[in-house]
Amino acid sequence: MTLIENQQDKQRSGLTADQFRAIEGAQLGDINDVDINDVINKYIYNQIAEQPSYVEQYKRYLKQRWDVYDIDFTQDYKDWHENMTEAERSSFLAIASGFHHGERQVEVELPVFMLGGSEDQKLFISSQIEDEARHTVFFDRFYHEAIGLEGDLMDVLDQSFEWVGETFIGPFGLLAYQADALLKNPDDLKLRVQYATNYMLWIEGVLAVSVMQITLRYARQRKVLPGYYAGFTLTARDEARHVQAGLRFLTEALEEDPTLIRDVHDTLRTVLLMSSTSSQYVAYEPIGWTREDVQAMFITQLVRKMDLIGLELPPDLAGMVQNISADNAIGG
Ligand SMILES: [Fe+2]
Ligand SMILES: [Fe+2]
């Protein structure tokens with residue numbers, strides 16, 4: 001790569017060509033060298049600038065697929081039981097459990113989206129379904145082998161449900177409703193736009209990429225949970241593909257029918273209203289975050305994603321954005 005190309009590349013993504021290649025090609029053995037901040041705030045945007053097709057994203061999936069059974073949680077078990085404090089453990093559980101359940105729910109709600117759309121999109125969604133299933137197994141293994149829960153997949157989900165906050169109900173309850181509506185008419189573009197606004201733009205593009213950074217920065221700086229760091233950083237790279245393809249879908253749908261912009265805005269109004277209040281409090285401080293930091297991350301991620309699909313926030317939505325509750329410790 002020439003110096004000019006390298007500079008262009010850096011301007012586009014905020015990463016040098018070498019940094020980009022290190023993330024793009026990282027395998028399980030070297031993923032612990034990757035900084036999660038680079039994946040979430042830079043790498044994810046590199047590919048969006050190039051607007052990769054669904055087939056290109058499918059090819060990247062094949063190269064980046066990792067084996068969830070290769071992760072070693074031996075040190076994680078030691079860290080969890082010997083090196084982390086009680087306050088750190090309960091803060092971690094309050095944040096990770098909304099992901100444990102989120103991954104499982106998106107896994108089961110996504111097949112309906114594959115019933116419609118173009119053949120290329122179906123190809124990509126098939127890979128995303130497999131990703132989400134693998135993310136579900138990742139959390140199942142972590143809760144089993146690091147924390148020490150017992151039983152089968154559903155037994156472990158049942159046990160971790162006690163740590164899932166009420167903020168889970170808003171976006172994921174809406175997603176279940178949207179999936180039911182889509183099942184009756186999978187090619188209805190309006191329903192698909194509403195579904196993708198909630199799933200790919202809000203749950204993945206705003207909540208997941210923000211919340212991932214919280215536990216991952218903690219694990220990296222505190223030097224604990226290396227198995228969790230490896231698997232969840234690879235999960236973040238998978239999520240980059242999901243968000244990129246989701247934003248591509250929304251961009252194309254809005255070009256095809258600009259009246260659907262209203263559906264993006266209305267869906268965001270719904271999720272923002274539901275996400276602006278909570279009767280529960282998530283303690284982020286024990287793992288090194290403030291509520292202000294978390295809220296600022298949500299706002300930044302939403303504004304950046306809207307920008308990428310070429311939409312501004314209308315004044316009422318811009319006001320609602322300021323009220324996103326920091327307690328939305330969920331993702332998928
Ligand atoms: Fe996922
Ligand atoms: Fe995802």
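Atoms considered below: every heavy atom in the structure, side chains included; atoms not considered: hydrogens, waters and symmetry mates. Atoms within each ligand, like the ligands themselves, are counted from 1 in listed order.
- Looking at His242, its N, O or S atom nearest to the Fe ion (ligand 2) turns out to be ND1.
- In this structure, Phe172 has its ring center under 6.0 Å from that of Phe168.
- The distance between the ring centers of Phe99 and Phe232 falls below 6.0 angstrom.
- Separation of atoms CZ (Arg262) and CG (Asp257) is listed at 12.5 Å; rounding is to 0.5 Å.
- Here Glu239 reaches the Fe ion (ligand 2): one of its N/O/S atoms is less than 2.8 Å from the metal.
- For the pair Arg248 and Tyr54, the cation-pi criterion (under 6.0 Å, within 45° of the ring axis) is fulfilled.
- Taking the Fe ion (ligand 2) as reference, Glu132 places its N/O/S atom OE2 nearest.
- Annotation: cation-pi geometry not satisfied between Arg241 and Tyr61 (NZ/CZ under 6.0 angstrom from ring centroid, within 45° of ring axis).
- Here Glu204 reaches the Fe ion (ligand 2): one of its N/O/S atoms is less than 2.8 Å from the metal.
- Atoms ND1 of His135 and OE1 of Glu103, as seen from the Fe ion (ligand 1), are separated by an angle of 100°, to the nearest 10°.
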